[in-house]
Amino acid sequence: MNELIMFVAFIIATLSIVLDFKKPKTVLFFLFCFVIFLEGTKWTMGVDWNSYYDYFYAVDEPFKSMQGGNLFEPGFVLYTYLISSVTENYSIYLLITMAIVYGCIFYSTSKMTNNSFVAIFYLLTFIPWYSGALRQMIALAIFSLCIESIIFRKYFKIMFL
């Protein structure tokens with residue numbers, strides 16, 4: 001699936017250089033939906049997907065982890081607990097998580113590069129390979145918002161993030 005994401009992103013980036021897209025945000029939105037669908041449905045990928053899967057279904061004790069007594073980060077625990085209290089479907093959990101992650105990344109990258117498809121293509125060539133690591137992906141999303149906030153000197157947002 002990662003190759004498919006890279007191929008579609010490459011086609012869109014190439015077309016954006018050759019053609020002048022009149023509505024780049026619309027094209028970015030469809031690319032975003034495409035990536036969310038593919039990323040949110042590949043939950044058996046990566047080396048640690050099963051620990052997240054097991055934790056999602058055992059989060060009724062929110063601050064206990066199933067990994068030998070180690071605790072997850074409190075923010076991740078609360079996030080998982082909130083979503084698992086609304087739905088018991090792990091696929092929906094991944095779709096929401098990937099929407100948040102890629103939403104932050106697309107938003108900050110689009111703002112910093114003026115909707116550059118080449119920048120989005122660059123990100124989509126390496127980020128999907130790490131999407132099995134949910135906590136790291138969420139941290140990457142927050143980091144991308146921080147970078148955008150630093151560049152545009154949004155000090156309150158920087159402190160909040």
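Nothing here was measured: the structure is a model prediction, and the numbers come from that model.
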**Q** Considering residues at least two apart in sequence or located in another chain, which fulfil the ring-ring contact (aromatic ring centres under 6.0 Å, His included) criterion with Tyr93?
**A** Phe56, Tyr79, Tyr90
**Q** Running the 4.5 Å side-chain criterion over Ile, Leu, Val, Met, Phe, Trp and Tyr, what cluster does Phe143 land in, apart from itself?
**A** Met112, Ile147, Ile151, Phe152
**Q** How many angstroms lie between CD1 in Ile96 and OG1 in Thr87, if you round to the nearest 0.5 Å?
**A**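 The OG1 atom of Thr87 is 7.0 Å from CD1 of Ile96, to the nearest 0.5 Å.
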**Q** Using 0.5 Å steps for rounding, measure from the OG1 atom of Thr80 to the CD1 atom of Ile138.
**A** 7.0 Å
**Q** Taking all non-hydrogen atoms of both residues, which atom of Ile36 and which atom of Tyr102 are closest, and how far apart?
**A** CD1-CB, 3.6 Å
**Q** Using atom types as modelled, flag every donor-acceptor pair under 3.5 Å from a side chain in residues 153-161 to any protein atom, sequence neighbours excluded.
**A**
unit_1 : atom_1 : unit_2 : atom_2 : d
Lys154 : NZ     : Glu148 : OE2    : 3.1
Lys157 : NZ     : Glu148 : OE1    : 3.0

**Q** Of the non-hydrogen atoms in Cys104 and Leu145, which two are nearest, and what is the gap between them?
**A**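 Looking at all heavy atoms of both residues, the shortest contact is SG-CD1, 3.5 Å.
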**Q** Judged by atom type as modelled, is there a donor-acceptor pair below 3.5 Å linking the side chain of Ser84 to the main-chain atoms of Tyr81?
**A** yes
**Q** Can you hop from Phe37 to Ile105 via hydrophobic side chains spaced under 4.5 Å?
**A** yes
**Q** Can you check side-chain contact (heavy atoms from CB on, under 4.5 Å) on Val101 and Leu140, steps first, answer last?
**A** CA-CA 8 Å; Val101 166; Leu140 176 66; 5.7 Å; no
**Q** To the nearest 0.5 Å, what is the distance between NZ (Lys111) and OG (Ser149)?
**A**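 The OG atom of Ser149 is 10.0 Å from NZ of Lys111, to the nearest 0.5 Å.
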**Q** Verify the cluster assignment for Ile92 and Tyr53: are they in a single hydrophobic cluster under the rule of side-chain heavy atoms below 4.5 Å apart?
**A** yes
